[in-house]
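Following: one structure in structure tokens, then a few remarks.
As the structure lists them, so they are numbered: ligands from 1, and atoms in each ligand from 1. Below, all heavy atoms of this structure are taken into account, side chains as well, without hydrogens, waters or symmetry copies. All residue numbers refer to positions in the sequence shown, counting from 1. Just so you know, these numbers come straight off a predicted model, no measurement behind them.
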Amino acid sequence: MIRGEHSSRAVRALEETFALELGSGVIQRVWSESDVSVLAAVGEGMVGTPGVSARLFGALAAAGVNIRAIAQGASERSISAAVPTVDADRALRAAHGGFYLSPQTISLAVIGPGNVGRALLEQIRVAAPRLHASHGLDLRLRLLMGTRRSVGDPLGLDWSSWERAYSETAETASLDTVAPCLRDAPWPHAAVIDLSASDEVADRYAEWLAAGIHVITPNKRAGSGPAERYRAIQHACTTGRALFKCEATVGAGLPIVGTVRDLVHTGDEVDSIECVLSGTLAWLLNGFDGRSPFSELVREARERGFTEPDPRDDLSGMDVARKLVILAREIGAELDLDHVEVRSLVPEAIASVPLEEALARLETMDEPMAAELSKAADSGVLRHVATLSRDGRAEVGLRALSATHAFAHLRGTDNCVQFRTSRYRDNPLVVQGPGAGPDVTAAGVFSDLLRLAAHLGARL
Ligand SMILES: NC(=O)c1ccc[n+]([C@@H]2O[C@H](COP(=O)([O-])OP(=O)(O)OC[C@H]3O[C@@H](n4cnc5c(N)ncnc54)[C@H](OP(=O)(O)O)[C@@H]3O)[C@@H](O)[C@H]2O)c1
């Protein structure tokens, strides 16, 4: 029987269907002492079928279950593994998932139910039944945390009513509770989705990854922050089994990080990257024709959720500089944020005042921006452009471009990235599309989650 601390509704359901079929066999927990349990996969179909033990042990490894001993029956119809009793429920679920006898379950800690967070939770609410029914993927919201409060449920919060549970909770938030909460659950896989823009959260990634907890994020702090922290994250990934997924850090839902990785992994050499990488600045400059003051457009962008929590992160060019650092590191350049030459759009007068005061004094931008616009009118259009060259030169700022330039024809929050590489020398490889907004950013994060699920064995 399955017993123990994790005697939850789901575990009881599993007890009822204790012997699930493996072809003509079963996977079951057959014996346990206080600290060691034996899990057995038994089936006629095993004899002469390559890969059965690889699937069993692969599933246990992906769930981080340490195997103390293994044995195979002389008849080749059973394989047994001794696992720590504390991991036995997780091991059984992982093995069932590995043979598609039950869904792949991922326990999630979602940090930051802000603009992107809410959009993501809604997208998962809508998709969860289909993912469960058609793709064998079971997503559980184990923990939801903001700056001041958190709410959790060992079986997973209801995707439809998390908002009420979150607003009614009296529990305070502590990042120290994230790993224990995820480890506590009997589900085979665990992931943190960080939807904050916080360094404090990014500081925890290496520790979570080293503990086998996957990390998915649109937060640029880790990819562009101190090199030491970035290396610790890379090290945790290369030495452990957990994945760090960050596609939405550059270009929201656009496949930019993945494209760079594919170029590099297939042996291409990136000579330069020229890009419009701020959906916010693209939206502002596409709409800035001098008829309304620039500050008015900035306020509208903030209201529509296009800007960073602090719009100066966009206007200063630092958000773009962070993205450039992320791309530079992906192509192997050791670039730090202070090596990027950034020409800020934020006037000195509001550069370091508190956020509320900066928002109240946005009009200080209007005159200098009007002057930039009239200068650019002679040659064509005004755009915010970032460039990165192979030798590590990185620049971010306003540029006057001819009206025939590809960046002159972008619309809305379009990002556009042109990669010139050994293979794409004459005609650059171009990725273009909306690069900001809660929905597309959440979709980028969700895609990363589904790629992780596929890696863990879900049928996607
Ligand atoms: N919005 C976009 O179009 C866009 C595009 C690309 C990338 N991104 C990235 O997506 C992330 C989220 O953006 P957003 O627009 O959703 O921001 P937001 O609305 O300000 O939400 C941020 C959330 O993070 C939480 N948070 C901040 N610091 C935290 C901490 N130390 N511990 C726990 N929770 C913390 C906040 O909690 P409270 O609710 O308690 O304040 C809030 O719920 C950012 O990294 C941003 O750079 C956004």
Query raised in the report: What protein heavy atom is closest to atom 33 (C) of ligand 1, reported as residue, atom name and distance in Å?
Result: Gly146 O, 3.1 Å

Query - For Asn219, the ligand 1 atoms whose distance to one of its heavy atoms is below 4.0 Å - result: 45 (O)

Query raised in the report: Which protein non-hydrogen atom lies closest to atom 30 (C) of ligand 1, naming both residue and atom, and how far is it?
Result: Val201 CG2, 3.7 Å

Report task. Kindly confirm or rule out an N or O of Lys220 lying under 3.5 angstrom from an N or O of ligand 1. Result -> yes

Query - Arg118 vs Glu122, salt bridge (charged side-chain N to carboxylate O under 4.0 Å, His left out): CA-CA, chis, key distance, verdict - result: CA-CA 6 Å; Arg118 280 163 195 278; Glu122 175 57 14; over 6 Å; no

Report summary line: Tightest non-hydrogen contact, residues Glu247 and Val257, listed as OE2-N, 2.8 Å

Report summary line: Counting heavy atoms under 4.0 Å, the part of Ile111 that contacts ligand 1 is side chain

Query raised in the report: So which heavy atom in the protein is nearest atom 41 (O) of ligand 1, and how far is it from that ligand atom?
Result: Thr147 OG1, 3.6 Å

Requested in this report: Check each atom of ligand 1 against the heavy atoms of Ala436 and keep those under 4.0 Å away; list them by number with element.
Outcome: 3 (O)

Query raised in the report: What's the shortest distance from atom 3 (O) of ligand 1 to any protein heavy atom, and which residue and atom give it?
Result: Gly437 N, 2.7 Å

Query - For the student: nearest non-hydrogen atoms of Pro186 and Arg93, plus distance - result: O-CD, 3.3 Å

Report summary line: Here the atoms of ligand 1 under 4.0 Å from any heavy atom belonging to Ser198 are 28 (N), 31 (N)

Query raised in the report: Is there at least one pair of N or O atoms, one from Gly114 and one from ligand 1, spaced under 3.5 Å apart?
Result: yes

Query raised in the report: Measuring from the heavy atoms of Pro113, does anything fall under 4.0 Å of ligand 1?
Result: yes

Report task. Return the residue, atom name and 0.1 Å-rounded distance of the protein heavy atom closest to atom 5 (C) of ligand 1. Result -> Thr441 OG1, 3.0 Å

Query raised in the report: Salt bridge check: are Asp158 and Arg164 linked by an N-O gap of less than 4.0 Å?
Result: no

Query raised in the report: Would the number of heavy atoms belonging to other residues, nucleotides or ligands and lying under 6.0 Å from OH of Tyr166 be above 12?
Result: yes

Report summary line: For Ala61, the side-chain contact (heavy atoms from CB on, under 4.5 Å) test, sequence neighbours excluded, returns none

Query raised in the report: How close does the nearest protein non-hydrogen atom get to atom 16 (O) of ligand 1, and which residue and atom is it?
Result: Val116 N, 2.8 Å

Query - With sequence neighbours excluded, residues passing side-chain contact (heavy atoms from CB on, under 4.5 Å) with Thr169 - result: Arg149, Val151, Glu171

Query raised in the report: Taking the inter-plane angle between the rings of His455 and His214 on a 0 to 90° scale, is it parallel (under 30°), tilted (30 to 60°) or perpendicular (over 60°)?
Result: perpendicular

Query - Distance filter under 4.0 Å to Asn115 heavy atoms, resulting ligand 1 atoms - result: 15 (O), 16 (O), 19 (O)

Requested in this report: Please indicate whether any nitrogen or oxygen in Glu200 is less than 3.5 Å from any nitrogen or oxygen in ligand 1.
Outcome: yes

Report summary line: shortest atom 10 (O) of ligand 1-to-protein heavy-atom contact is with Pro218 CG, 3.4 Å

**Report entry** Numbered atoms of ligand 1 (with element) below 4.0 Å of Ala197, judged on heavy atoms
**Finding:** 44 (C), 45 (O)

Report summary line: Closest to atom 27 (C) of ligand 1 (heavy atoms only, candidates Ser196, Ala119, Pro438) is Ser196

Query raised in the report: If every non-hydrogen atom of Leu335 is compared with every non-hydrogen atom of Leu324, which pair is closest and at what distance?
Result: CD2-O, 4.4 Å

Query - is_close_aromatic(Phe288, Phe294), centroid dist under 6.0 Å - result: yes

Query raised in the report: In the protein, which heavy atom is nearest to atom 20 (O) of ligand 1, and how far is it?
Result: Pro309 CG, 3.3 Å

Requested in this report: Run the salt-bridge test on Arg312 and Asp314 with the 4.0 Å N-O cut-off and return the result as yes or no.
Outcome: no

Report summary line: Nearest heavy-atom approach of Val346 to Ala351 is CG1-CA, 3.9 Å

